[in-house]
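Report on the structure given below.
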Amino acid sequence: MKKNWPLWEIFVRSKNGLEHRHFGSLHASDAEMALENARDVYTRRNEGVSIWVVESKNITASNPDDNGELFEPAQDKVYRHPTFYELPDDVKHM
Amino acid sequence: MSEHEVKKLEEIFEARIARDEKIEPKDWMPEKYRKTHIRQMSQHAHSEIVGMLPEGNWITRAPSLRRKAALLAKVQDEAGHGLYLYSACETLGVSRDELFEQLHSGKAKYSSIFNYPTVTWADMGAIGWLVDGAAIINQVPLCNTSFGPYARAMVRVCKEESFHQRQGYEIMLTLCKGSEEQKEMAQDALNRWWWPSLMMLGPTDAESVHTEQSMKWKLKRKSNDELRQQFIDQTVPQADILGLTIPDPDLKWNEETGHYDFGEIDWDEFWQVVKGHGPCNKERMKARVDAWENGAWVRDAAMAHAEKKQKNLKEAI
């Protein structure tokens with residue numbers, strides 16, 4: 001009976017004020033080990049001040065095949081952008 | 001899917017790459033693209049991992065604490081680079097275990113340069129200077145390759161690698177400024193590593209089977225011969241500063257081409273090493289397989305511990 005270490009996704013905050021960003025993934029037996037390994041694999045040169053680890057199987061991802069129905073409707077809604085509205089040049093602070 | 005449909009998808013795919021769009025793991029891709037990427041990324045990862053062995057040989061015998069700390073950091077980086085690349089490779093649906101199995105069984109290759117022995121301390125200098133130098137030339141164009149996870153891993157690798165070459169050159173510089181014996185040691189290391197470093201950039205264009213397809217997919221931006229010429233052109237002046245002689249009697253500056261002409265490479269030796277008959281192929285693979293097998297009980301124990309903790313946690317609730 002052999003079980004492989006699960007895969008974890010690693011998110012690192014590079015400095016306070018910035019969000020955690022996906023840095024990559026690694027294998028570890030549990031969350032604690034994933035944190036320790038992430039520190040060695042992804043932050044050897046002061047790349048971070050905080051690490052999140054999430055087991056990969058817990059992430060639900062959208063399917064690129066659905067990109068049309070998911071993201072295309074936003075393309076023809078130009079009225080969601082400020083430049084859609086034409087105002088005279090002498091209107092200030094808007 | 002019909003043949004016609006696949007062909008149409010392939011055309012859309014190739015057009016995306018031609019537009020410099022990145023391909024991400026869940027996107028549709030031709031089977032050949034997937035296989036080629038698994039092969040190249042895993043070879044690259046294996047090279048990083050096996051590449052730790054020749055240098056590991058000198059960590060405990062580095063001549064000063066400064067050198068030891070630097071070498072240790074370099075070897076640790078190589079482990080890290082191997083891990084970035086294995087993870088990038090796994091996004092294509094191959095498991096870490098399969099990748100290790102391919103390495104250990106000899107099915108997957110790694111860079112042939114790591115099958116040469118490191119017999120003196122000067123080899124640490126020559127490897128950093130020449131081997132990492134050649135690797136950087138190979139790797140920089142990959143930061144723009146079409147497969148997203150590979151490109152992202154390479155950006156990180158390239159950023160970290162420039163210290164590797166500088167620390168190697170500094171070792172050579174120190175030896176060359178030292179005693180007569182130390183300078184001889186540096187020259188001897190250059191003599192042994194020069195030709196294998198040129199071979200590291202791959203077979204000549206005429207012999208290279210994957211070049212055309214790889215260029216299309218941006219797995220390659222320049223041909224092996226172009227990269228080799230670039231390496232020679234930038235390395236010869238560095239050897240001059242060290243006061244060392246490149247072991248090639250045919251090496252000569254060519255005013256007309258603006259490049260160095262160089263002598264014939266012994267490709268028989270290259271293919272011998274690739275096929276497993278280099279000086280250290282067996283030793284390297286044995287070290288890898290031993291590390292994997294002797295570590296099995298640790299991996300199993302960690303997994304058992306994690307499962308037990310999970311179970312206790314559930315029962316407590």
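Just so you know, these numbers use all the heavy atoms, side chains as well, and skip hydrogens, waters and symmetry mates. Lettering follows sequence order; numbering is per chain, from 1.
- With respect to chain B, the highest number of heavy-atom pairs below 4.5 Å among G24(A), P6(A), S25(A), A31(A) belongs to S25(A).
- By the neighbour-count criterion of 12 heavy atoms within 6.0 Å, atom CZ of R39(A) is sparsely surrounded, having that number or fewer from other residues, nucleotides or ligands.
- Cation-pi contact between R299(B) and W292(B): present, with separation from the ring centre below 6.0 Å and deviation from the ring axis of at most 45°.
- There is no contact between Q310(B) and chain A, counting heavy-atom distances below 4.5 Å.
- Between W217(B) and H37(B), the ring-plane angle classifies as tilted under the 30° and 60° cut-offs.
- Looking at heavy atoms from C-beta onward, V131(B) lies out of side-chain contact with E55(B) at the 4.5 angstrom threshold.
- Among E90(B), H81(B), R152(B), K159(B), the residue with the largest count of heavy-atom pairs under 4.5 Å with chain A is E90(B).
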